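One is the number of the first residue; the rest follow in order along the sequence. Only a predicted model underlies this, so the values are computations on that prediction, with no experimental measurement involved.
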Amino acid sequence: MAAHFLFLALLALASSHAIASDPSQLQDFCVADRKSDVFVNGLVCKDPKMAKPEDFFFSGLDKPGDTGNKLGSNVTQVNVNQIPGLNTLGISLARLDFAPYGLNPPHIHPRGTEILVVLEGTLYVGFVTSNPNQLFTKVLNKGDVFVFPQGLIHFQFNYGKTNAVAIAGLSSQNPGVITIANAVFGAKPPISDYVLAKAFQLDKKIVDWLQAQFWMDNNN
């Protein structure tokens, strides 16, 4: 992977940190204590004297994710769940892999803005604003960067005949993800089929069929 494209990925992460929406830290770091039973808005810090280099480390982002699924895409997340040292730092990232015609379906990040840089291939990307729902789209090639504002529905689609790879920086240690189709038709317990039929102006039998499908959560 060319050095200048790695530089672009690092620039994406730096930009993401500059617009971080998480609360600012009150100390140098706050390594997450995953063994704590205390529930707080975020994660409890462990004693900084117990911190070690591994708390700030993740390996393997150079390895392609498995795209052998119905969507033809895979997201390798690197957030506070993978790097406990990200706790309170307001930043995370992800690697996105796409098979030819692979899709990262429409979804939102409720707690973070996303900035994405294409490392290989070509992606058709876009987001939709709040009402009246204007669509912004762009075809991205190697080295191109695109921003998805926090909380807005967005997607990435590889309509090329070769694999595509992208790196995304997000302005939260845990930006969260809500896949639209999963949330609407795959909720547990299910949303009333009458409500969905009326909302989408669909026959109730179609809604029942959609709710019976397997909804795969595969996105960033």
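A donor-acceptor pair under 3.5 Å links the side-chain atoms of H109 to the main chain of G176, judged by distance alone. In terms of modelled atom types and a separation under 3.5 Å, the side chain of E120 and the main chain of V165 share no donor-acceptor contact. At least one donor-acceptor pair under 3.5 Å links the side chain of Q211 to the backbone N or O of I191. Between the side chain of T129 and the backbone N or O of Q134, at least one donor-acceptor pair lies under 3.5 Å. Checking side-chain atoms of N87 against main-chain N and O of C30 turns up a donor-acceptor pair under 3.5 Å. In this structure, the side chain of E114 does not engage the main chain of V147 through any donor-acceptor pair within 3.5 Å.
Smallest separation of non-hydrogen atoms from V80 and A32: CG2-CB, 4.4 Å. Closest heavy-atom contact between A94 and V75: CB-CG1, 3.9 Å. Here the closest heavy-atom approach between residue S172 and residue R111 is recorded as CB-O, 3.2 Å. Looking at every heavy atom in both residues, W215 comes nearest to G186 through CD1-CA, 3.8 Å. The shortest non-hydrogen separation linking Q156 to V125 is CG-CG1, 3.6 Å. Shortest non-hydrogen contact noted between F127 and L152 is CD1-CD1, 3.8 Å.
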Side-chain atoms of residues 38-50: list all donor-acceptor pairs with protein atoms under 3.5 Å, sequence neighbours left out, distances to 0.1 Å.
| from | atom 1 | to | atom 2 | distance (Å) |
| --- | --- | --- | --- | --- |
| K46 | NZ | D55 | OD1 | 3.4 |
| K46 | NZ | D55 | OD2 | 3.0 |
| D47 | OD1 | K49 | N | 2.9 |

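Hydrophobic clustering places I167 together with I91 (ILVMFWY residues linked when any side-chain heavy atoms are closer than 4.5 Å, directly or through intermediates). In the hydrophobic clustering of this structure, L86 groups with L93; members are Ile, Leu, Val, Met, Phe, Trp, Tyr whose side-chain heavy atoms approach within less than 4.5 Å, directly or through other members. Residues V128 and F155 are members of one and the same hydrophobic cluster, defined by side-chain heavy-atom contacts under 4.5 angstrom among Ile, Leu, Val, Met, Phe, Trp and Tyr. Hydrophobic clustering (ILVMFWY, side-chain heavy atoms < 4.5 Å, transitive): V117 and L61 are in one cluster. Under the 4.5 Å side-chain heavy-atom criterion for ILVMFWY residues, no single connected hydrophobic cluster contains both Y194 and L210.
The distance from atom NE2 of H107 to atom OG1 of T179, rounded to the nearest 0.5 Å, is 7.0 Å. Here the CD-CZ distance, from Q77 to F58, works out to 10.0 Å after rounding to the nearest 0.5 Å. The distance from atom CG of N158 to atom OH of Y101, rounded to the nearest 0.5 Å, is 8.5 Å. To the nearest 0.5 Å, the span separating CD1 on I206 from CG on L196 amounts to 12.5 Å. For the atom pair F98 CZ and L103 CG, the distance stands at 7.5 Å (nearest 0.5 Å). Atoms CD and OG, on Q82 and S59 in that order, are 13.0 Å from each other to the nearest 0.5 Å.
K204 is linked by a salt bridge (charged side-chain N to carboxylate O under 4.0 Å, His left out) to D193, D208, counting only residues two or more places apart in sequence or in another chain. Listed by chain and residue number, F185 satisfy the ring-ring contact (aromatic ring centres under 6.0 Å, His included) test with F200 (two or more places apart in sequence, or in another chain).
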Take F56 and V31, measure what side chain to side chain contact (heavy atoms under 4.5 Å, CB included) needs, and give me the verdict at the end. CA-CA 8 Å; F56 304 90; V31 174; 3.6 Å; yes

Note to self: Working note: D97 + N163, criterion side chain to side chain contact (heavy atoms under 4.5 Å, CB included); need CA distance, chi angles, decisive distance, verdict.
What the structure shows: CA-CA 7 Å; D97 288 280; N163 293 339; over 6 Å; no

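Put simply, the side chain of P105 reaches to within 4.5 Å of the side chain of L71, judged on heavy atoms. A heavy-atom distance below 4.5 Å is found between the side chains of Q213 and W209.
N74 and T67 share no side-chain donor-acceptor pair at under 3.5 Å.
Considering F157, Y159, F146 as possible partners of V139, the one that fulfils the side chain to side chain contact (heavy atoms under 4.5 Å, CB included) test is Y159.
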